[in-house]
A.B. asks: 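Mind looking over this structure? Questions follow.
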Amino acid sequence: MRYTLILITFLMSFSTLAAAQNEPENRPALTEAEQQQALDKLQEPMYKPLLERYILDELKAVRQDQQKLREDVTKQVAHTQLDTADRALTYTTDTINNVFFIITITASILVLVGWNSLRDVKNKVEDIVNTRVSAITQEYEERLKVLEEKLRERSEEILLNQQKISITNEVHSLWMRANLESDVANKIEIFDEILKRKPEDVEAIAYKADALLEINETGEAIELCNQALEIDSDYGYAYWQRACAYALLHKHADAMADIRMALEYSPNLRNELLHESAFASLHDNDSFNSLLNETA
């Protein structure tokens, strides 16, 4: 605030001097009476004595203060840098001394425990490292062995599944061919192909027995039905085909027993009782007629 007031005063003085200098010089001179009259009208001095000198002294003092401030700052920075260098040197010296102390203590301990040379130290370290590496190697070998076993099992499962899928596709194709085939001999060959791929397919066995009944191979059909029932004793269609074979052989009691078993496991076969041509010999059988009445 002090410097601002000084600057404002200096500018006002400069403006006053400039205004005075800009007054016209060709103005007529005043008489003594006019001069005396003008002096009587004055109430304060026309200028302030030593104002310019005061301003110059203040500017000089400001410049000196700035120079002193710069010197103080330079000294503080120099002292700070010296202190930092001194601390770094002290830290380095202490660190080196501590390292030498640690080396000396370590060497003393090694001598006390019996490691009298660097060769002993090297051999001991190598033994420790080799033991640890061997243990780690063995551990990872066991893990890799387990992983390889799992991968092998997984690969076998994948191959088996692929084989099953392939067999399933082939069997499906053969079933479609069998449904479209009208020749009984060709149907039997197709069922044989299915059984080569799936030997325990009870459905293929039962349908092969049905085809054999069409060419009057009743005995072989009964054997196939028995084979299917050994695999799946709850398969109703195998009982049905065996009942057909027994009916063709006029073994009505056996046929009726198998019909009841077939209807028990496959109730939807009731609608085929009257339409099955193999049961023609049973139409005069009381048990068969009773069964038909129950169905109706």
A.B. asks: Is the closest basic N to carboxylate O distance between E170 and R197 below 4.0 Å?
C.D. replies: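 Yes.
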A.B. asks: Determine yes or no for a side-chain-to-main-chain donor-acceptor pair under 3.5 angstrom, with S173 supplying the side chain and N169 the backbone.
C.D. replies: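 Not at all, since once roles are kept as given, no pair shorter than 3.5 Å links the two residues.
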A.B. asks: Could you tell me whether a side-chain N or O of S166 sits under 3.5 Å from a main-chain N or O of Q162, the two making a donor and an acceptor?
C.D. replies: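 Checking the backbone N and O of Q162 against the side chain of S166, no donor-acceptor pair under 3.5 Å is found.
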A.B. asks: Report whether L212 and W175 are members of the same hydrophobic cluster (ILVMFWY, side-chain heavy atoms less than 4.5 Å apart, transitive linking).
C.D. replies: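 Linked, L212 and W175 end up in one cluster.
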A.B. asks: Given the rule that I, L, V, M, F, W and Y join up when any side-chain heavy atoms are under 4.5 Å apart, are L159 and L151 in one cluster?
C.D. replies: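 The answer is no; the residues belong to distinct hydrophobic clusters.
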A.B. asks: Please report the closest heavy-atom contact between A262 and G236, naming both atoms and the distance.
C.D. replies: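 It is CB-O, 3.4 Å.
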A.B. asks: Measuring from H252:NE2 to L282:CG, what's the distance to the nearest 0.5 Å?
C.D. replies: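 Nearest 0.5 Å value for the NE2-CG distance: 5.0 Å.
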A.B. asks: Can you tell me how far the CG atom of D83 sits from the NE2 atom of H79, to the nearest 0.5 Å?
C.D. replies: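 It comes to 8.5 Å.
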A.B. asks: Restricting to side chain to side chain contact (heavy atoms under 4.5 Å, CB included), what partner residues turn up for N289, sequence neighbours left out?
C.D. replies: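 Expected list: L292.
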A.B. asks: Is any side-chain heavy atom of L291 closer than 4.5 Å to one of L263?
C.D. replies: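 A side-chain contact exists here, since the closest heavy-atom pair is under 4.5 Å.
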A.B. asks: Where do V184 and A211 come nearest, in terms of heavy atoms and distance?
C.D. replies: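 Shortest heavy-atom separation between V184 and A211 comes out as CG1-O, 3.3 Å.
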A.B. asks: Does any non-hydrogen side-chain atom of R177 lie less than 4.5 Å from one of L174?
C.D. replies: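 A side-chain contact exists here, since the closest heavy-atom pair is under 4.5 Å.
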A.B. asks: Measure from the side-chain N and O atoms of S233 to the backbone N and O of L229, and report whether any donor-acceptor pair falls under 3.5 Å.
C.D. replies: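 Side chain of S233 to backbone of L229, a donor-acceptor pair under 3.5 Å: no, none is there.
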A.B. asks: With a cut-off of 6.0 Å (strictly less than), are more than 12 heavy atoms of other residues, nucleotides or ligands near CG of D127?
C.D. replies: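 For D127, atom CG is crowded (more than 12 foreign heavy atoms under 6.0 Å).
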A.B. asks: Return the CG to NZ distance between L195 and K208, rounded to the nearest 0.5 Å.
C.D. replies: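 Result: 6.0 Å between the selected atoms.
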A.B. asks: In Å and rounded to the nearest 0.5 Å, what is the OG1 to CD distance from T137 to E141?
C.D. replies: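 Interatomic distance, T137 OG1 to E141 CD, rounded to 0.5 Å: 6.5 Å.
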A.B. asks: Heavy atoms only: give me the nearest L213-A221 pair and the separation to one decimal.
C.D. replies: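 Of all heavy-atom pairs spanning L213 and A221, the closest is CD2-CB, 3.7 Å.
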A.B. asks: Could you give the distance from CG (N285) to OG (S290), rounded to the nearest 0.5 Å?
C.D. replies: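 N285 CG to S290 OG: 8.5 Å, rounded to 0.5 Å.
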A.B. asks: If you group Ile, Leu, Val, Met, Phe, Trp and Tyr by side-chain heavy-atom gaps below 4.5 Å, do I231 and V171 land in one group?
C.D. replies: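 I231 and V171: one cluster.
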A.B. asks: Answer whether the closest heavy-atom distance between the side chains of Q227 and E223 falls below 4.5 Å.
C.D. replies: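 With C-beta onward as the side chain, the pair stays apart.
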A.B. asks: Under the salt bridge (charged side-chain N to carboxylate O under 4.0 Å, His left out) criterion, do R154 and E157 qualify, and how do the steps go?
C.D. replies: CA-CA 5 Å; R154 184 60 177 169; E157 289 179 0; 3.3 Å; yes
A.B. asks: Going hydrophobic residue to hydrophobic residue with side-chain gaps under 4.5 angstrom, can you get from Y265 over to V202?
C.D. replies: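 Each belongs to a different hydrophobic cluster.
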A.B. asks: My understanding is that only residues two or more places apart in sequence, or in another chain, count here; which of them pass side chain to side chain contact (heavy atoms under 4.5 Å, CB included) with E149?
C.D. replies: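 Testing E149 for side chain to side chain contact (heavy atoms under 4.5 Å, CB included), a comparison that skips the adjacent residues, returns R152, E153.
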A.B. asks: Is the shortest side-chain heavy-atom distance between R260 and S287 below 4.5 Å?
C.D. replies: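 R260 vs S287: side chains touch.
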A.B. asks: How long is the span from the CD1 atom in I188 to the CD atom in E181, to the nearest 0.5 Å?
C.D. replies: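 One gets 11.0 Å once the value is rounded to the nearest 0.5 Å.
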A.B. asks: Would you mind reporting whether Y246 and T218 have side-chain heavy atoms less than 4.5 Å apart?
C.D. replies: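 Not touching, per the 4.5 Å side-chain cut-off.
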A.B. asks: Please check if the number of heavy atoms outside E214 that lie under 6.0 Å from its CD is greater than 12.
C.D. replies: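 More than 12 within 6.0 Å, yes.
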A.B. asks: Are E193 and K196 close enough for a salt bridge, meaning some N to O gap below 4.0 Å?
C.D. replies: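 A salt bridge links E193 with K196.
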A.B. asks: Are any of the side-chain heavy atoms of Q66 and L69 separated by less than 4.5 Å?
C.D. replies: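 Of all side-chain heavy-atom pairs linking L69 with Q66, none is under 4.5 Å.
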A.B. asks: Going only through I, L, V, M, F, W and Y residues with side-chain contacts under 4.5 Å, is there a path from I205 to I215?
C.D. replies: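 Shared cluster, yes.
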A.B. asks: Do W240 and E272 touch side chain to side chain, with heavy atoms closer than 4.5 Å?
C.D. replies: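 Yes, side chains in contact.
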A.B. asks: Looking at S281 and A247, would you say the former's side chain and the latter's main chain have a donor-acceptor pair under 3.5 Å?
C.D. replies: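 Yes; judged by distance alone, with no hydrogens or angles, the pair exists.
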A.B. asks: Looking at R143 and E139, is any side-chain nitrogen of the basic one under 4.0 Å from a carboxylate oxygen of the acidic one?
C.D. replies: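 Yes, E139 and R143 are salt-bridged.
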A.B. asks: Would you call the rings of F191 and Y207 parallel, tilted or perpendicular if under 30° counts as parallel and over 60° as perpendicular?
C.D. replies: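 Answer is tilted, since the angle falls between 30° and 60°.
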A.B. asks: Less than 4.5 Å apart, side chain to side chain, heavy atoms only: is that true for Y235 and E203?
C.D. replies: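 The answer is yes; the side chains approach within 4.5 Å.
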A.B. asks: So which atom in A178 and which in K187 form the shortest heavy-atom distance, rounded to 0.1 Å?
C.D. replies: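 Distance-wise, the nearest heavy atoms are O-CE, 3.5 Å.
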